[in-house]
Amino acid sequence: KNISDMLEKSTPKPGVPADLQNLLSQHFGENRSVIEIEELKLSDSCFLPANDLTHSFSSYLKEICPKWAKLRKNHKEKKSVVMLVICSSALRSLELIKSMTAFKGDCRVLKLFAKHIKIKEQMSMLEKGVFHIGVGTPGRVKALVEQDGLCLNSTKYMILDWNWRDQKLRRMMDIPEIKKETIDLLEMCIIKLCREGSVKLGLF
């Protein structure tokens, strides 16, 4: 409730890379050595331009990924996606999928959340077909990666639905469980891929 009260009074500020950096430092600060924390740091070059709150989801994706048509055409790998979109709930995933119509063209989008969809179904779809974009919750994406159902080697973009607020005015990082699962997913594999330069992070 306090968060909601505070947010009602304040103007929402768009998320910037430093916000995610600070979040990771706070999360790991207490139980990690200085060297370990250094290894979890992301340079500014790991990030895509952040959304300044003027964009629709499609226009933001077009801005950060102007060569999408080519990337989409060249993507042939099963068990993987070129772009991963992480948000706080199944409902929000569906909203985002609808709102990226102008951007995605005829590419295939896979829903990666737990509500009404068994993980085995998602694994078998990933195994059988080629998908370009995965949209879902951090917990399910993490489970798919852990169970080898989703491989991130050909993933180029990971977008966090950072600025959107639910009815209680909470962003995804204001919800403890979602925040923890997102940080776990980042730590498990995404930070390493970002540091190697193969994945870029975007805050929408």
Side-chain angles (χ1 to χ4, degrees), residues 1-28 42 47-65 81 83-104 109-119 121-122 133-146 150 155 157-188 190-191 199-204:
K1 181 152 187 351
N2 291 356
I3 293 176
S4 304
D5 290 346
M6 268 162 45
L7 293 172
E8 267 172 17
K9 294 186 191 93
S10 64
T11 329
K13 279 213 296 270
V16 290
D19 295 339
L20 180 59
Q21 300 278 27
N22 295 339
L23 199 78
L24 292 171
S25 306
Q26 283 165 7
H27 183 81
F28 295 121
L42 293 165
F47 288 89
L48 297 156
N51 170 26
D52 57 7
L53 302 185
T54 60
H55 280 288
S56 70
F57 195 41
S58 274
S59 75
Y60 174 69
L61 295 178
K62 279 178 185 166
E63 182 184 294
I64 60 164
C65 185
V81 291
M83 182 182 285
L84 201 50
V85 181
I86 303 291
C87 54
S88 56
S89 67
L91 212 60
R92 179 63 181 157
S93 302
L94 296 172
E95 268 176 36
L96 285 172
I97 291 169
K98 266 196 200 123
S99 64
M100 63 164 75
T101 314
F103 165 78
K104 67 181 170 62
V109 179
L110 187 60
K111 298 170 192 150
L112 299 175
F113 47 76
K115 204 171 194 173
H116 311 312
I117 309 175
K118 292 191 172 69
I119 194 163
E121 284 172 43
Q122 286 160 335
I133 303 177
V135 184
T137 51
R140 177 51 62 96
V141 171
K142 187 171 143 263
L144 282 161
V145 173
E146 282 170 340
L150 177 65
T155 302
Y157 299 94
M158 177 165 164
I159 312 299
L160 298 175
D161 184 28
W162 189 270
N163 296 304
W164 181 77
R165 298 178 183 279
D166 66 10
Q167 284 166 321
K168 295 180 185 164
L169 296 178
R170 295 173 307 175
R171 295 167 312 167
M172 63 185 280
M173 291 305 197
D174 296 325
I175 302 165
E177 187 188 335
I178 300 293
K179 174 179 157 182
K180 185 186 180 311
E181 287 173 340
T182 304
I183 290 175
D184 288 349
L185 176 64
L186 287 166
E187 186 191 10
M188 188 169 96
I190 304 289
I191 288 175
V199 170
K200 294 266 190 215
L201 275 176
L203 307 179
F204 173 65

Mind checking the [atom1]-[atom2] spacing from [X] to [Y]? Nearest 0.5 Å is all I need.
{"X": "Leu110", "Y": "Ile133", "atom1": "CG", "atom2": "CD1", "result": "11.0 Å"}
{"X": "Glu146", "Y": "Leu144", "atom1": "CD", "atom2": "CG", "result": "9.5 Å"}
{"X": "Ile175", "Y": "Lys180", "atom1": "CD1", "atom2": "NZ", "result": "15.5 Å"}
{"X": "Asp161", "Y": "Met173", "atom1": "CG", "atom2": "CE", "result": "10.5 Å"}

> side chain to side chain donor-acceptor pair (under 3.5 Å): which pairs involve residues 48-59, sequence neighbours left out?
Replying inline: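 Listed by first then second residue: Asp52-Thr54, His55-Ser59, His55-Glu63, Ser56-Ser59.
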> side chain to side chain donor-acceptor pair (under 3.5 Å): which pairs involve residues 94-103, sequence neighbours left out?
Replying inline: Arg92-Glu95
> Phe57: what forms a ring-ring contact (aromatic ring centres under 6.0 Å, His included) with it, not counting sequence neighbours?
Replying inline: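 Per chain and number, Phe57 pairs via ring-ring contact (aromatic ring centres under 6.0 Å, His included) with Phe204.
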> Looking at residues at least two apart in the chain, or sitting in another chain, which of them share a ring-ring contact (aromatic ring centres under 6.0 Å, His included) with Phe103?
Replying inline: Trp68
Provide the closest heavy-atom pair for [X] versus [Y] in the form atom of the first, atom of the second, distance.
{"X": "Phe113", "Y": "Ala90", "value": "CD1-CB, 3.5 Å"}
{"X": "Leu160", "Y": "Leu20", "value": "CD1-CD2, 4.2 Å"}
{"X": "Leu150", "Y": "Leu112", "value": "CD2-CD1, 4.4 Å"}

Donor-acceptor pairs under 3.5 Å, side chain of residues 134-142 to any protein atom, not counting sequence neighbours: which ones?
residue, atom, partner, partner atom, Å
Arg140, NH1, Ile117, O, 3.0
Arg140, NH1, Gln122, OE1, 2.5

> Can you name the residues that form a side chain to side chain contact (heavy atoms under 4.5 Å, CB included) with Glu177, not counting sequence neighbours?
Replying inline: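 For Glu177 the side chain to side chain contact (heavy atoms under 4.5 Å, CB included) partners, ignoring immediate neighbours, are Glu181.
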> Should Leu23 and Lys179 be marked as a side-chain contact (heavy atoms from CB on, under 4.5 Å) after you check the CA-CA gap, both sets of side-chain angles, and the distance that decides it?
Replying inline: CA-CA 9 Å; Leu23 199 78; Lys179 174 179 157 182; 4.1 Å; yes
